[in-house]
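To start, the structure itself, in structure tokens.
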Amino acid sequence: MATSASNMDSESRKRTNLFRNTDNTTMESESLFPHIPMSSNSQSTSARAAEEANGERDSGKGISGDLHSILLLLFLYILQGIPLGLSGSIPMLLQSRKVSYKEQAVFSLVYWPFSVKLLWAPLVDSIYSRWFGRRKTWLIPIQYLMGFFMLVLSTQVKQILGDDDDGESGQVDILVLTAIFVCLNFLAATQDIAVDGWALTMLSRPNIGWASTCNSVGQTAGFFLGNVFFMALESADFCNTYLRSTPQPEGLVTLSSFLWFWGIVFFVTTTLVGVLKQEVIDLDVDPDQGIVETYKILWNVMCLRSIISYSVILLTSKVAFAASDALTGLKLIEAGMPKERLALFAVPMVPVQIALPLVISRYTSGPRPMSVWIKAYPFRIGIGVMYCLIVYWATKTQTTPGQFPWYFYAVTLLMYGLHQVAVYCMFVGQMAFHAKISDPTIGGTYMTLLNTVANLGGNWPSTVALGIVDYITWKPCSTGGSCDTKILSEHCEKGGGHCSTSVDGYYILTAVCTVIGLFWLKSRSLRLEQLGELPDKAWKYNPSSSGAAATHRSDHLS
């Protein structure tokens, strides 16, 4: 690799394009085979510019001229969503093996790479080989590594999960499992940076808007394949009920075979992309970015008084939902709900999730987009309490172990749908506010920074909730002692006793989070409204000032 020596003549233009390649965020979700015809146009930058000047490239073609590129982008984003979907599936598999919530908290760290990719995004944008291609320099080795990790994991995952050849379940090596998935998601986040950047030069100007469509649709489809699709086909009960005439002890796929299949897909398709798809390096569209200058600008933006105040809000607001978001699904599985049935709840929500942003955006396009966020906040707190009641109901309403009456599923699905409405109201309002306050002179820096902080604000409360719930849960053994760990539970059962939960930390944690949420709403909603009323200059970064934080202090903030 070599650092490109070309620099833009205009410093303001450089700032306009900083971080445009990482300008997206991951929607919070309670779970949120292809043959791609690829072609290549190996045009030089000057030839391409001349062609556009003559109007030959853009006139009368619509998306037909970029169809192959759009399909390629869609597929690359689908590949990106596979490890994300698997990361959402593993906690359900772990819960069925009765791992502790402290171990679930450790595994929850696998979601963090997408929340902190801002830290290394400038490196991906600045370091590359001109001979191989600016984005392919990162994309090709990254995807080979993702395929390698999947192939290696496919041969070791049974041992890591504690499964032996007799079907017995032993001790899960949670540290190794977490380390591998952190690496996988780190690679996926880096691939995301590279693909976002490549979209700028891969698509023609009139079709550049298709990049975000490919991103959202591709990631959603990949997550669906790695989560819902995998959970259904991995379940012996689901396959025996709906897909087989002769029952079998295992599903149609195992985690090992699923990882092996996608590892091969990564290797084959990455080779095809590397050989068949040429990359055009267009510095007019995707300019070089100096590493030091990029980090310097980012630091100055972070020092703005308004950004600091808003970041505190983002980092603390999701504490109210920590118990319901992190624990409800796992508690339902613990209560007896089949994990694949819980995963299938996402299927009827797909059209709802597509339509919700379109409907909500009508109310967030005005001067106060966060008003929708504030209104949805207490509604979402209330749904967390309802989730608590549903978990309690699940322990009482089973007709037979693992079987629930139809009305239980209907109520649970209804509450999940209402929860998604609240989540999307907050998400769309938040994104609209980010777009409103972002300084256009430094492009996507604001959006990326704020989205990173917002993701961290959702991740750390969930990790903490998973980590402490075991400490406030008491599971005594009928013959004496406790059943707080899997080993202690097995010891209790071998001694002729049985385990029961006398104090469930989930209910305590939900109550504490609810109180914190109500207190937060009362104490911080006014500050959030004040931030929404600040003049535009309070959010602007002035590169000519020696101290951005000092320059932009606002009288509206205490």
Side-chain angles (χ1 to χ4, degrees), residues 27-32 88 91-92 94-96 101 104-105 108 111 227-228 231 317-349 352-353 356 375-398 402 404-427 457-459 461-470 472-473 501 503-521:
M27 240 292 295
E28 14 179 3
S29 172
E30 272 54 77
S31 352
L32 102 240
M92 297 185 183
L94 295 178
Q95 193 67 12
S96 64
Y101 286 101
Q104 291 279 15
S108 72
Y111 299 108
N227 187 273
V228 179
M231 293 299 296
S317 61
K318 302 292 178 61
V319 174
F321 321 126
S324 59
D325 288 357
L327 291 163
T328 300
L330 301 179
K331 280 294 178 180
L332 286 173
I333 294 174
E334 183 181 313
M337 179 178 284
K339 58 185 181 300
E340 69 278 0
R341 209 163 293 170
L342 183 63
L344 288 172
F345 273 16
V347 176
M349 288 295 106
V352 176
Q353 292 168 339
L356 275 174
K375 291 176 181 176
Y377 194 90
F379 182 60
R380 189 168 169 185
I381 292 176
I383 291 175
V385 175
M386 294 302 299
Y387 272 169
C388 211
L389 296 176
I390 286 175
V391 170
Y392 178 78
W393 189 20
T395 64
K396 304 297 182 182
T397 192
Q398 295 181 59
F404 297 83
W406 67 268
Y407 51 84
F408 173 81
Y409 290 115
V411 172
T412 304
L413 184 60
L414 174 63
M415 292 308 304
Y416 179 63
L418 294 175
H419 177 261
Q420 290 299 292
V421 172
V423 167
Y424 272 81
C425 283
M426 295 182 66
F427 176 74
N459 280 335
S462 295
T463 298
V464 171
L466 287 166
I468 67 175
V469 68
D470 275 339
I472 52 178
T473 297
T501 301
V503 178
D504 194 331
Y506 169 68
Y507 302 114
I508 298 174
L509 201 56
T510 299
V512 171
C513 289
T514 299
V515 172
I516 291 175
L518 294 174
F519 176 78
W520 188 97
L521 183 64

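Below, each value reflects all heavy atoms present in this structure, side chains not excepted, and no hydrogens, waters or symmetry copies.
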Is it true that Lys331 and Asp504 have a side-chain N and a carboxylate O under 4.0 angstrom from each other?
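Yes.
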Could you go through the side-chain contact (heavy atoms from CB on, under 4.5 Å) check for Val421 and Leu356 one step at a time?
CA-CA 7 Å; Val421 172; Leu356 275 174; 4.1 Å; yes
Listed partners of [X] passing side-chain contact (heavy atoms from CB on, under 4.5 Å), at least two apart:
| X | answer |
| --- | --- |
| Cys513 | Ala322, Ala323, Leu509 |
| Tyr392 | Thr395, Lys396, Tyr507 |
| Leu94 | Ile90, Val99, Gln104, Phe107, Leu161, Val172, Ile174, Leu177 |
| Thr514 | Ile381, Val385, Thr510, Leu518 |

Do Tyr101 and Glu334 get their side chains close enough for a donor-acceptor pair, meaning under 3.5 Å?
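Their side chains do contain a donor-acceptor pair, which is all the 3.5 Å distance test asks for.
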Looking only at side-chain N and O atoms, does Tyr506 offer a donor or acceptor that is under 3.5 Å from a partner on Thr328?
yes
Tell me the closest heavy-atom pair linking [X] and [Y], and the distance in Å.
| X | Y | result |
| --- | --- | --- |
| Val319 | Ile516 | CG1-CG2, 3.8 Å |
| Gly88 | Tyr111 | CA-OH, 3.5 Å |
| Ala346 | Val228 | CB-CG2, 3.9 Å |
| Thr397 | Pro405 | O-CD, 3.2 Å |
| Ile333 | Ser96 | CG2-N, 4.4 Å |
| Met92 | Ala343 | SD-CB, 4.4 Å |

Can you tell if the side chain of Leu327 reaches within under 4.5 Å of the side chain of Val391, non-hydrogen atoms only?
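No, too far: nothing below the 4.5 Å cut-off.
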Heavy-atom side-chain contact between Arg380 and Asp325 under 4.5 Å:
yes
Run the side-chain donor-acceptor check on residues 335-342: report pairs under 3.5 Å with partners two or more places apart or on a different chain.
from, atom 1, to, atom 2, distance (Å)
Glu340, OE1, Ser235, OG, 3.2
Glu340, OE2, Ser235, OG, 3.0
Arg341, NH1, Tyr409, OH, 2.9

Parallel, tilted or perpendicular, judged at 30° and 60°: which one describes the rings of His419 and Tyr416?
parallel
Suppose we screen for ring-ring contact (aromatic ring centres under 6.0 Å, His included). Which residues come up paired with Phe408, at least two apart in sequence or across chains?
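For Phe408 the ring-ring contact (aromatic ring centres under 6.0 Å, His included) partners, ignoring immediate neighbours, are Trp393, Phe404.
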Non-neighbouring partners of Tyr377 that pass ring-ring contact (aromatic ring centres under 6.0 Å, His included), sequence neighbours left out:
Phe321, Trp373, Trp520
Rounded to the nearest 0.5 Å, the CG atom of Leu418 sits from the CD1 atom of Ile383 at a distance of 5.5 Å
Drop me the distance from Met349's CE to Leu413's CG, to the nearest 0.5 angstrom.
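So the gap between those two atoms works out to 4.5 Å.
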Sequence-distant partners of Ser108, side-chain hydrogen bond (donor to acceptor under 3.5 Å, both in side chains), two or more places apart:
Thr463
State which residues pass salt bridge (Lys or Arg N to Asp or Glu O under 4.0 Å) with Asp470; sequence neighbours excluded, sorted by chain then number.
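Listed in chain order: nothing, the list is empty.
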